[in-house]
Peer 1: 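I'd like to ask you about the structure that follows.
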Number of protein chains: 2
Amino acid sequence: MSKIIGMRAGQLAKAADVNVETLRYYERRGLLPEPPRQASGYRIYPESSIDRLKFIKGAQALGFTLEEILDLLNMRLDTDANRTDVRKRAREKVNHIQEKIRALQEMEHALNQLISQCHGDGSAADCPILEAIPSFGTKDIDNEV
Amino acid sequence: MSKIIGMRAGQLAKAADVNVETLRYYERRGLLPEPPRQASGYRIYPESSIDRLKFIKGAQALGFTLEEILDLLNMRLDTDANRTDVRKRAREKVNHIQEKIRALQEMEHALNQLISQCHGDGSAADCPILEAIPSFGTKDIDNEV
DNA sequence: CTTGACTCCGTACTATACTACGAGGTTTAT
DNA sequence: ATAAACCTCGTAGTATAGTACGGAGTCAAG
């Protein structure tokens, strides 16, 4: 008797540090493909689901919406699109990501300014942050991927 | 007769590309300081409000919550905290930002992989993305600032 | 001196992304 | 074989971040 390899909802949820309900939610949203079922109806997830969930969580923390993440994940599956299209869309996403990186670097720089300007151990009343970064936020960073 | 310099809600909203209602919402949340009022009760915003709003919008697009942004903005105003504390908190935020940058760079790398692997002009069926980034998402990036 | 655009306020509604609930069936350890 | 633990589903509730509404007051142009 060969046992089907894979994990159940609870195990996956624990491994990826998400709520079990979130798995169903992502399945509905198309972020997590419908896994095979046991005779009982129980879902059996492959190990790779853990990485997929971590990818989703990571991308979210970077300001991508589930919609955008879906788009990222499905890029390779869009068989209607030809490779020229995929490359074009990928390049757009790269640009968008570079914008985000640039903005984060400005923020990092501003905080480092704050750290160096805010020396000694007195009151913090005069330590600036927004003032340290007049350039930040002047370029539009929207969430379009 | 000297006129009070500043802009009204509608002008600020337009300049910063946000909804007028959002201004009131941010005011309630403490993200936008309560501006002075005209005799009529109309708010008069200083020019600097535009930058503040753009900062907020930019930070949001990078995955920061309003709560976290408030924390960033108020860092310099926390007169209870001493400079040693502010520096410590700023360093934590810098680390967090560096994590985000690193993750975005991985994503960028993965997309560039996709672009180079997905050459020619045939079907996009076999162009990978998640597969191109086995390492992505293995390190936790939560939203704690 | 009126008309239209703008602003005020409280409150209610919406979208996104979960998260919980409850009734019932399944699996597993004792 | 039975109880604890787990899973199924639809549906309902929550948190965050706006966004809209509507009645009333204000301001500027004609």
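By convention in this document, chain letters (A, B, ...) are assigned in the order of the sequence lines, proteins followed by strands, and residues within each chain are numbered from 1. Please read all numbers here as calculations on a predicted model, not as lab measurements.
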Peer 1: Quick one: pull up CD1 in A/Ile101 and CD1 in B/Ile101 and give me the separation to the nearest 0.5 Å.
Peer 2: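 So the CD1 of A/Ile101 and the CD1 of B/Ile101 are separated by 7.5 Å.
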
Peer 1: If each of A/Val18 and B/Ala9 is mapped to the nucleotide of DNA chain C with the nearest heavy atom, which maps nearer the 5' terminus, i.e. the 5' end?
Peer 2: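 Its nucleotide being nearer the 5' end, the pick is B/Ala9.
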
Peer 1: Please report the distance, rounded to the nearest Å, between CG in A/Asp17 and C1' in C/dC18.
Peer 2: 14 Å

Peer 1: Look at B/Arg8 and C/dC6 and indicate whether a side-chain polar atom (N or O) is within less than 4.0 Å of OP1 or OP2.
Peer 2: no

Peer 1: So, is B/Ser40 close to the D/dC27 phosphate, meaning a side-chain N or O under 4.0 Å from OP1 or OP2?
Peer 2: yes

Peer 1: Starting the side chain at C-beta, find the nucleotide from D/dC6, C/dT19, C/dC8 nearest to A/Asn19.
Peer 2: C/dT19

Peer 1: Quickly work out the A/Gln38 CD to C/dG25 P distance and round it to whole Å.
Peer 2: 18 Å

Peer 1: Listed by chain and number, what are the salt bridge (charged side-chain N to carboxylate O under 4.0 Å, His left out) partners of A/Lys88, not counting sequence neighbours?
Peer 2: A/Glu92

Peer 1: Do any side-chain nitrogens or oxygens of B/Tyr26 fall under 4.0 Å of OP1 or OP2 in D/dA17?
Peer 2: no

Peer 1: Taking only side-chain nitrogens and oxygens of B/Thr22, does any of them come within less than 4.0 Å of OP1 or OP2 of D/dT19?
Peer 2: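 The answer is yes; a side-chain N or O of B/Thr22 sits under 4.0 Å from OP1 or OP2.
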
Peer 1: Can you list the residues that meet the side-chain hydrogen bond (donor to acceptor under 3.5 Å, both in side chains) rule with A/Glu47, with sequence neighbours excluded?
Peer 2: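 With neighbours one apart ignored, the set is empty.
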
Peer 1: Starting from C1' on C/dG10, measure out to CD on B/Glu27 and report it in whole angstrom.
Peer 2: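 Going from CD in B/Glu27 over to C1' in C/dG10 covers 14 Å.
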
Peer 1: Between C1' on C/dA17 and CG on A/Leu31, what's the gap in Å once rounded to a whole number?
Peer 2: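 Atom CG in A/Leu31 sits about 11 Å away from atom C1' in C/dA17.
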
Peer 1: Show every salt bridge (Lys or Arg N to Asp or Glu O under 4.0 Å) that has at least one partner inside residues 107-118 of chain B, sequence neighbours left out.
Peer 2: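 Residue pairs with at least one partner in residues 107-118 of chain B: there are none.
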
Peer 1: Of all residues at least two apart in sequence or in a different chain, which pass the side chain to side chain contact (heavy atoms under 4.5 Å, CB included) check with A/Leu70?
Peer 2: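 Result, side chain to side chain contact (heavy atoms under 4.5 Å, CB included) vs A/Leu70: A/Leu31, A/Asn74.
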
Peer 1: Charged N to carboxylate O below 4.0 Å: is that the case for A/Lys93 and A/Asp71?
Peer 2: yes

Peer 1: Which distance, rounded to the nearest 0.5 Å, do you find between the CE of B/Met107 and the CZ of A/Phe55?
Peer 2: 4.0 Å

Peer 1: If the cut-off is 4.0 Å, is B/Arg43 near the phosphate of C/dT7, judged by side-chain N/O to OP1 or OP2?
Peer 2: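 No, outside the criterion.
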
Peer 1: Between B/Glu67 (CD) and D/dA17 (P), how many Å, whole number?
Peer 2: 8 Å

Peer 1: Just the rounded figure in Å: distance from P of D/dA5 to CD of A/Gln11.
Peer 2: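 About 16 Å, once rounded to whole Å.
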
Peer 1: Whole Å only: how far is the CG atom of B/Leu23 from the P atom of C/dC8?
Peer 2: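 Computing the B/Leu23:CG to C/dC8:P distance gives 9 Å.
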
Peer 1: Just to verify, what does A/Val20 make a side chain to side chain contact (heavy atoms under 4.5 Å, CB included) with, not counting sequence neighbours?
Peer 2: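 For A/Val20, the residues satisfying side chain to side chain contact (heavy atoms under 4.5 Å, CB included) (neighbours in sequence not counted) are A/Ala9, A/Ala13.
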
Peer 1: Any side-chain N or O of A/Lys57 under 4.0 Å from OP1/OP2 of C/dC18?
Peer 2: yes

Peer 1: Which whole-number value in Å describes the distance from B/Arg37 CZ to D/dG25 P?
Peer 2: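 So the CZ-P distance, B/Arg37 to D/dG25, works out to 17 Å.
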
Peer 1: Sequence neighbours left out, what passes side-chain hydrogen bond (donor to acceptor under 3.5 Å, both in side chains) with B/Gln11? Give chain and number order.
Peer 2: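 Expected list: none.
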
Peer 1: If you go through the side-chain atoms of A/Tyr42, does one of them form a donor-acceptor pair with the base of C/dG25 closer than 3.5 Å?
Peer 2: yes

Peer 1: Please write out each protein N/O paired with an N/O of nucleotides 1-3 of chain D under 3.5 Å, distance rounded to 0.1 Å.
Peer 2:
none

Peer 1: Could you list the protein-to-nucleotides 11-16 of chain C atom pairs, N/O on both sides, closer than 3.5 Å?
Peer 2:
none

Peer 1: If only side-chain N and O atoms of B/Gln60 are considered, is one of them under 4.0 Å from the OP1 or OP2 phosphate oxygen of D/dG18?
Peer 2: yes

Peer 1: Excluding sequence neighbours, so at least two apart, what forms salt bridge (charged side-chain N to carboxylate O under 4.0 Å, His left out) with A/Arg24?
Peer 2: A/Glu21

